[in-house]
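What follows is one structure encoded as structure tokens, with my remarks underneath.
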Amino acid sequence: MASVASLSASLQQRVSAALAAAVPSAVDADPLLRRSDRADFQANGVLGLAKRAKANPRELAAAVLAALPTDEVVGQVEVSGPGFLNISVPDSAITANLALRVADDRLGVPEKAAPGTTVVDYAQPNVAKEMHVGHLRSSVIGDAIVKILEFEGERVVRRHHIGDWGTQFGMMIQYLLEHPHALDHTEGADADSGEASMSRLDRLYKASRALFDADEAFKERGRRRVVDLQAGDPETLATWQRFVDESKIYFFSVYDKLDIEIADDDIVGESGYNDMLVETCELLEKSGVAVRSEGALCVFFDDIKGKDGELVPLIVRKSDGGFGYAATDLSAIRNRTGDLHADTLLYVVDVRQSLHFRMVFETARRAGWLTDGVVARHLPFGTVLGADGKPFKTRAGASVKLEDLLDEAVDRATAVVREKGEKIGLSEQEIVDNGRQVGIGAVKYADLSTSLGRDYIFDLDRMVSLNGDTSVYLQYAYARTRSIFRKAGADQRPVAHPELALEPAERALGLHLDAFGDSLAEVAESYEPHRLASYLFQLASLFTTFYEQCPVLTADGGPAQVENRLLLCELTGRTLSKGLELLGIRSPERL
């Protein structure tokens, strides 16, 4: 089915045409159409146009009003204030548009006419290290952006730039070569679990670190092993691969718990660009983009200086010959633009790396790897804080393990679900399943409903609350729509009746439902998932008001009004479900 133009978009076209009719030179004038509490919409563009045309704003507004067509979309229009146009659409137009959306699998949301290729760099855990709360935001935000862009029709390439390369692996490789059974699986039912894998890796790391610190001969062997790793020695690489494979078992188990799908082909870590590093440095030096400074290969920027006023360089290759993160990130850009032909590069990485990415992007542009046809954006995010307003830590001051945090969220949510669920006859399996969906959804929504650059306090009590701006409130609204249909009679079904007048709560809900596609387009343009979360919270709130003020199955207006209100319930449920799905959150049928 073809996409459905929102009422806002339809009015935008009509008011634009009327502006052009009133002022022929204003062919591309923006009507500045916005939702309004004085009417359905308000057009504010007349004021700016009047100023440019040196005309009286109210007189120009009257001329625009006269040029507006009287049709199925334009209802009552009046001039207010210094020249605003207050526009209301007919009830019939709202219902007709909603009927078109209900009939479409995509809810009438259009796909991009000319999709591009976007690489999203997110979820970047480190090999042989436990994931902590600091890994949460990149994973959750990146997953939502990927889902939203794909739904809009964009070709998305996921890239999980894991930390799987560097000097720290030398001592571990050497220890494992000298103690070949150090990573052997222990016996037991959970021997292949992610938790067991991390336990083995942690045990190996501690043992190798202790020997590295105590034995100078072993320390030297470990350092030489780093050289072998970088040189591609087969035995060294095979041993290193064991760490990577063991870590992936752990990664996949954590992401499964977080309900985020991670495919092995999408994991291209630091090691994936190792063969490009030397060439990247040579190209930068030959082109003059990078220069030698105190033995290191550096890129300088006139506007980036330290506290002492000295220029702060981007170090591509260290004075000892080792490669820095910049060399890997620049090689990744070469791969993503040259081989993957991406026209947009997104990096979901915390705000502390802002200067690094600014320098990397500018270097890549100077080198010609980022052209005018490629957008590269760092999407910086804030920090997860504890109740004390400081970065979330354990009482001992260590980073909170991500698995522990998720387990606690599920436990807390399951208790909330059990209290409600037992009253409506949920089975034990339903309580367990819903507890997981509510708990994980609560953690994700708290993150995604926060604008990217802001920090937020991790408060599980608030996150799993049925009241306020929480995922549980949204999930409960969805479950309520399904409950209505379970109670409906066999002859009660959703059918559009444009001839019926709408109550204020019906109108408000209908207009908001009609704006779903417009809202998604804004989110896909800005890469800000919190805008979708805000839309969904408002939708759930409007549905709650509608539910309280407009009886559905016992509507006074008879069968036609019941069918019309069931149409609103059907579209509300599907829109909530799709919106939550795009945020990576599931919608239990009963709650």
Side-chain angles (χ1 to χ4, degrees), residues 3 101 104-112 115-124 135-161 251-252 254-267 340 342-349 375 377 379 381 406 436-452 471 474-475 478 515-537 539-540 573-588:
S3 62
R101 295 188 181 282
D104 181 30
D105 289 341
R106 290 180 52 84
L107 304 175
V109 177
E111 290 189 87
K112 291 178 70 171
T117 298
T118 297
V119 174
V120 183
D121 189 325
Y122 69 108
Q124 305 108 351
H135 293 108
L136 177 67
R137 298 209 71 184
S138 175
S139 303
V140 169
I141 294 167
D143 185 57
I145 288 173
V146 166
K147 284 181 165 65
I148 292 165
L149 291 179
E150 287 184 331
F151 185 68
E152 289 284 294
E154 184 78 349
R155 176 178 176 262
V156 179
V157 179
R158 298 164 171 82
R159 278 295 175 263
H160 307 305
H161 193 84
F251 294 158
F252 290 144
V254 175
Y255 281 115
D256 180 65
K257 187 170 291 188
L258 192 52
D259 201 14
I260 289 178
E261 184 178 346
I262 298 289
D264 195 56
D265 289 345
D266 300 331
I267 298 176
L340 301 179
D343 38 50
T344 303
L345 307 179
L346 302 178
Y347 294 78
V348 188
V349 183
V375 173
R377 282 189 58 178
L379 304 179
F381 53 81
L406 297 177
R436 173 186 162 91
Q437 293 180 19
V438 169
I440 298 303
V443 171
K444 288 184 175 183
Y445 187 83
D447 199 304
L448 293 168
S449 60
T450 304
S451 59
L452 289 184
S471 65
L474 272 60
Q475 289 168 320
Y478 170 76
F516 181 52
D518 293 342
S519 177
L520 276 182
E522 291 176 6
V523 175
E525 182 73 22
S526 65
Y527 310 118
E528 294 178 316
H530 77 274
R531 294 179 181 270
L532 175 56
S534 177
Y535 171 89
L536 295 173
F537 174 62
L539 175 58
R574 286 175 55 191
T575 303
L576 281 170
S577 180
K578 174 54 70 175
L580 286 169
E581 177 190 325
L582 294 176
L583 294 179
I585 299 172
R586 296 185 184 272
S587 307

Supply the atom-to-atom distance [X] [atom1] to [Y] [atom2], rounded to the nearest 0.5 angstrom.
{"X": "Leu583", "Y": "Ile145", "atom1": "CG", "atom2": "CD1", "answer": "11.0 Å"}
{"X": "Asp104", "Y": "Arg574", "atom1": "CG", "atom2": "CZ", "answer": "7.5 Å"}
{"X": "Leu532", "Y": "Lys147", "atom1": "CG", "atom2": "NZ", "answer": "12.5 Å"}
{"X": "His135", "Y": "Phe251", "atom1": "NE2", "atom2": "CZ", "answer": "7.5 Å"}
{"X": "Tyr535", "Y": "Leu520", "atom1": "OH", "atom2": "CG", "answer": "8.0 Å"}
{"X": "Leu536", "Y": "Ser449", "atom1": "CG", "atom2": "OG", "answer": "11.0 Å"}

### Query
Pick from Arg155, Lys112, Arg158: which one makes a salt bridge (charged side-chain N to carboxylate O under 4.0 Å, His left out) with Glu150?
Arg158
### Task
Before giving the answer on salt bridge (charged side-chain N to carboxylate O under 4.0 Å, His left out), spell out for Arg159 and Asp121 the whole-Å C-alpha distance, their side-chain angles and the decisive distance to 0.1 Å.
CA-CA 5 Å; Arg159 278 295 175 263; Asp121 189 325; over 6 Å; no
## Note on the structure
By salt bridge (charged side-chain N to carboxylate O under 4.0 Å, His left out), Lys257 pairs with (sequence neighbours left out) Glu403, Asp407
### Listed partners of Arg531 passing salt bridge (charged side-chain N to carboxylate O under 4.0 Å, His left out), at least two apart
Glu528
### Query
Stepwise, does the side chain to side chain contact (heavy atoms under 4.5 Å, CB included) test hold for Tyr527 with Leu452?
CA-CA 9 Å; Tyr527 310 118; Leu452 289 184; 5.6 Å; no
Side-chain donor/acceptor of [X] to backbone N/O of [Y], under 3.5 Å:
{"X": "Ser471", "Y": "Ala442", "result": "yes"}
{"X": "Ser138", "Y": "Ala123", "result": "yes"}
{"X": "Lys578", "Y": "Leu107", "result": "no"}
{"X": "Ser519", "Y": "Ala515", "result": "no"}
{"X": "Ser577", "Y": "Gly573", "result": "no"}
{"X": "Glu154", "Y": "Gly116", "result": "yes"}

### Message
Please evaluate residues Lys444 and Ile260 with respect to the criterion side chain to side chain contact (heavy atoms under 4.5 Å, CB included), reporting the C-alpha separation (whole Å), side-chain torsions for both, the decisive distance (0.1 Å), and the verdict.
### Response
CA-CA 11 Å; Lys444 288 184 175 183; Ile260 289 178; 3.8 Å; yes
[X] versus [Y]: any side-chain heavy-atom pair under 4.5 Å?
{"X": "Ser3", "Y": "Arg106", "answer": "no"}
{"X": "Asp259", "Y": "Gln437", "answer": "no"}
{"X": "Leu448", "Y": "Ile141", "answer": "yes"}
{"X": "Leu258", "Y": "Asp143", "answer": "no"}

### Query
Between Glu152 and Ala524, which heavy-atom pair has the shortest distance, and what is it?
CG-CB, 3.7 Å
### Query
Looking only at heavy atoms, which two atoms of Val109 and Arg101 are closest? And how far apart?
N-NH1, 4.3 Å
### Query
Applying the side-chain contact (heavy atoms from CB on, under 4.5 Å) test to Leu346, which of Val156, Val119, Leu149 qualifies?
Leu149
### Task
Would you please test Thr450 and Arg137 for side chain to side chain contact (heavy atoms under 4.5 Å, CB included) and show each step?
CA-CA 10 Å; Thr450 304; Arg137 298 209 71 184; 4.0 Å; yes
### Task
Check whether more than 12 heavy atoms from other residues, nucleotides or ligands sit under 6.0 Å from atom CZ of Arg586, and answer yes or no.
no
### Task
Write out all pairs satisfying ring-ring contact (aromatic ring centres under 6.0 Å, His included) with one or both partners inside residues 139-160, taking only residues at least two apart or from two chains.
Tyr122-His160
